[in-house]
Amino acid sequence: MTHSIENVSRRDLLKGVGVMGGFVLAASLTPVDLVMAEEAPKYGRDGMPHGSVNDPRVFISIANDGTVSIVCHRSDMGQGVRTGMPLIVADEMEADWARVKVVQALGDEVTYGNQDTDGSRSTRHFMLPMRQCGAAARMMLEGAAAKRWSVALNDVEAKNHEVVNKKTGAKLGYGELSADAAAMAVPAVDALKFKDPAQFRYIGKEGTKIVDGFDITTGRATYGQDVFFPGMKFAVVARPPVLGGKVKSFNESAALAVPGVEKLVRIPSPDIPSVFLPLGGIAVVANNTYAAIKGREALKIVWDDGPNAIYESKAYRADLEATARKPGLVVRKAGDLDAAMAGAAKKIEAEYYIPHLAHATMEPPAATAVVKDGSCEVWTSVQSPQAAHDLCANALGLAPEKVKVNVTLLGGGFGRKSKPDFAVEAAIVAKEMNGIPVKVVWTREDDIQHGFYHTVSLERLVGGLDASGKTVAWLHNSTAPTILSLFEPDPKREMPLELGMGLVDNPFSVDNIRIENGEAPAHTRIGWYRSVSNISHAFAIQSFAGELAAAAGKDQKDYLLDLIGPARLVDVSNAVENFWDYGENVQVYPIDAGRLRKVVELAAEKSEWGRKLPPRHGLGIAAHRSFVTYVAAVVEAAVDEKGNLSIPRVDVAVDCGHYVNPDRIRSQIEGAVIMGIGLATKTQITFKDGKVMQSNFDDYEVTRMPEMPGVTNVHITPANYALPPGGIGEPGVPPIAPALTNAIYAAIGKRIRTLPIGQQLTS
C-alpha cells in the first residue's frame, strides 16, 4: 500500500473534490477551548500564532470511490508527522488507513492553524484538534446513513470505512455516503463523541509505517534540493563571513566571464538584529550549479567585516569563565545558600563548557522561486512555511495573497529550517529573473559557515555536602549568549524561554539553592538547535550529579534518585518571573519528580545497572525533562589503553504521556542518541576573526557508523491517556552527553567537563 503526498491549497482541494462529486464538510466547529477567558494567559496551541483549527472541512475530504484525503499541515523532517497527524484523524473517524491519501498543506496558517514545526509541538498541540476533526466526520457519516435508512442514530455505527446498520447488518461505504454527509450539520465541540482509547485501531499501536517511506527509500521523494522545472536557473550566494559584514568590492566581469554564469544579483545586508533575513551578499545565477559555484569563486569579494570581526572562541571562553565566577542575576532561589554552603562538610566546584554547534542537516537548505505577473511562488523545505511566506512577501513588497509557499520534505531540520532566510534569498533572486524559476542552492560549506548556531555556554556549579554526603546547597551560574539577539539589539542574558529549559526548573530536592545568569554578548546568529538550551543545562547538571555522587562515595543512580527526591510536583514559584514551561500551562504540564524517578528506575532496570563489566568499561546515567517529556539514559562506555572510545550499549527510557506511533518514538530517540553522541564526542563550531573555522564534515565531524552504539534500546512507558501528550523529537538529546561522560568516569576515572571530548581521552 502506497500513500501519495501532494501539495494543494484549500481552494484546489475544494475544486478537486467538487469535480469528483465527493464529500467536503460544510460548517466549521466551535473554536477549541473557548472556555478559557479572553483575558487569561494563552498556552499550548492557543498561545501560538494563529492558534489551532479544528474545522473538518479544512482537513478531510472523501471521494465517491471512498478515498479519504487528509491534510497534514505540519512539516515532515523525518519525525513522521505526515503519518502521525492524518493517523489521528483516520483512527477517530474509523477510516481504513489503506484507503487514506495524505495531502501536504501549503503555508497558510489562517486556514490551517499554526504550522511552526519545532519545539516538539505537533502531537501535543494537535492531538485534540485532529481527534475533533475525525470525530465530527464520523458522526456526520453516521448521521447520513441513519437518514438514508430512516433509523435512529443509535442504530448505526461507523466501523472500518463503513457505516453499519446494527439491526439489519446493512452497510454503506464512506464513498456512498460522501454527498449526503456533506449536507449534515457539523456537531458542536461539546456534542462530539470520542472513541474510548481501548477502541483505537492505530493510535498508540505498533505496525504503522510512514506514508512516504517507500518514496524516500527508492529516491522518489521530493526534498527542497530536488525541485526542478524545465529551463530553470541555479544560484549560489556569496555571503559575508562575519555577521554584519558588507561587500566592499568584487570582480563582476570575472564572475560573468565564467561559462554558464548569466547574472549577478545583490542581496541587501540586513540591519542587526536581522531576525531571519538573509545575511546579504551577491547571488551568482547560472544555468547549472557548478557554473554558479565557479562564478562565485571568481567574484574575489573584499569584505568589510564590521564589529563582530573581534569574535574569537578561545578569548570568548575566557570571558565566559570570568563572568560565571562572579555573582549573576538571581533567577531562582530557595533557603539560605550562603549559610548552607558555609556549614557544608565538603564543597565541590566544577565548570562545564559547551561550544557552538551547527545543525548540519543531511539536506543543506535550498529554495526554488518564481516571480511572475505580480506574484511569487516558492518551493522549499521549511519548518515554518508561514514565516517563509511573510518574509518573502515583505522582501518583494507583495500582498500576502500574492505569495504561495509549497512545502517539500525536509532532509532534516533540527530548528535550522524554521529560519527561512534561504527562501527569502530565492525570492529576491527570482524577482530579477523575468519569470524564470531559480533555485538557490546551499553547499555544505555554506550551511556550516553561515548558519544559526546553538549557543556556546559556560556552566559553573558549586555543591555543598553534609557529613553523610547529602547535597544541602546548590549554586549554578549559567552564562551564554541568547537567542533573543536575533530579535533585539544587544541583549546579554538568557531569556525566560532559555532559562526554563532545565535551569530554573531543576527538579532536585535541595533545600538551599541559588541559580544565576551571567551576561554574554552575541557575535554570531544564535538559533534554536534540537533541544536548545537543555543541552548545556543537562550536561552540566547531570555531570555534576555524577561528581557529587563520587564525592559522597555513592552509586550514581542511587544518588541521582536521592537528588530528585520523593515523587511530587516541583514548586517553581521561587523561579524567575514569567516561568516558561515550553509554552504550556504548568498546571496541565507540571514538573513531576515522580515521572522523572520512574524513567531513571526503568532505564536502570532495563540496562541491568550494576552488572559486572569488563575492565575499562563503565556505566553512566543521566535524566532530564524537556519539552514536557521525561527521558533517562544509561550509556555503557569502553576506553582502551590508547584512549579509543567505544559505546557497546545505550538504554533510554521515555515517558511522553500518551502518544500516536511508538515506532516513530523509537526512531526519534535512536536519532537523538546518535546526535547526542556526536555533540559529546566530536562536533563544535569555533570562530576566529569573526569567521567560522569549520567548513565540511572533514572538520565539523559527526557520528559515523563505526562510532555508533553496538546496541540502542528504547523503552517506552505504556501510553497513559490520563496524561496529555508530550514532545518527542527533542527530549532524547540532553541526557546522552552527560550519561556518556559519567560512563567514561566510571570506566577510567577521567572527568570530562568540556565538549566535545575529542582527544581528551588520549592526553
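- For the side chain to side chain contact (heavy atoms under 4.5 Å, CB included) test with Pro735, the passing option among Asn534, Val600, Val631 is Val631; the others fail.
- Side-chain atoms of Glu707 and Thr681 include no donor-acceptor pair closer than 3.5 Å.
- Among all heavy-atom pairs drawn from Tyr659 and Ala719, the shortest one is OH-N, 3.4 Å.
- A donor-acceptor contact closer than 3.5 angstrom links the side chains of Glu730 and Ser120.
- Salt-bridge formation is not detected for the pair Arg220/Asp226: no Lys NZ or Arg NE/NH1/NH2 atom is positioned less than 4.0 Å from an Asp or Glu carboxylate oxygen.
- For Arg597, the side chain to side chain contact (heavy atoms under 4.5 Å, CB included) test picks out Leu561, Ile564, Glu601, with sequence neighbours left out.
- No more than 12 heavy-atom neighbours from other residues, nucleotides or ligands sit within 6.0 angstrom of NZ on Lys209.
- Geometrically, Arg74 does not engage Phe126 in a cation-pi contact, judged by NZ or CZ lying under 6.0 Å from the ring centre and within 45° of the ring axis.
- The nearest pair of heavy atoms linking Val532 to His454 is O-CE1, 3.1 Å.
- The pair Asp116-Arg121 meets the salt-bridge criterion, since a charged nitrogen lies less than 4.0 angstrom from a carboxylate oxygen.
- You'll find the ring centres of Phe544 and His476 outside the 6.0 Å limit.
- Taking the ring centre of Phe452 as origin, the terminal cationic atom of Arg525 falls inside the region bounded by 6.0 Å and 45° from the ring axis.
- Taking a cutoff of 4.0 Å between a charged side-chain nitrogen and a carboxylate oxygen, Asp91 and Lys195 qualify as a salt bridge.
- At a threshold of 4.0 Å, the pair Arg317-Glu351 does not count as salt-bridged, since none of the basic side-chain nitrogens sits closer than that to a carboxylate oxygen.
- If you check the side chains of Gln760 and Thr754, you find no donor sitting under 3.5 Å from an acceptor.
- Using cut-offs of 30° and 60° for the angle between ring planes, the Tyr202 and Trp97 rings count as tilted.
- The aromatic rings of Tyr529 and His359 sit tilted relative to each other, their planes meeting at an angle between 30° and 60°.
- Few gaps surround CD on Glu206; more than 12 heavy atoms of other groups in view lie less than 6.0 Å from it.
- The two residues Leu679 and Val733 have their closest heavy-atom pair at CD2-CG1, 3.8 Å.
- Side-chain contact check for Ser478 and Glu459: at least one donor-acceptor pair (N or O, by modelled atom type) lies under 3.5 Å.
- Of the listed residues (Val654, Ile665, Val599), just one forms a side chain to side chain contact (heavy atoms under 4.5 Å, CB included) with Thr629, and that residue is Val654.
- In terms of heavy-atom proximity, Arg664 sits nearest to Gln79 at NE-O, 3.8 Å.
- The nearest pair of heavy atoms linking Thr208 to Asn661 is O-ND2, 3.3 Å.
- In this pair, Phe687 and His356 present their aromatic rings perpendicular. The plane angle is above 60°, beyond the 30 to 60° band.
- The salt bridge (charged side-chain N to carboxylate O under 4.0 Å, His left out) test applied to Arg616 returns Glu641, not counting sequence neighbours.
- Tyr721 and Phe200 have perpendicular rings, their planes meeting at more than 60° on a 0 to 90° scale where under 30° would count as parallel.
- Salt-bridge formation is detected for the pair Asp655/Arg595: a Lys NZ or Arg NE/NH1/NH2 atom is positioned less than 4.0 Å from an Asp or Glu carboxylate oxygen.
- Under the salt bridge (charged side-chain N to carboxylate O under 4.0 Å, His left out) criterion, Arg124 pairs with Glu584, not counting sequence neighbours.
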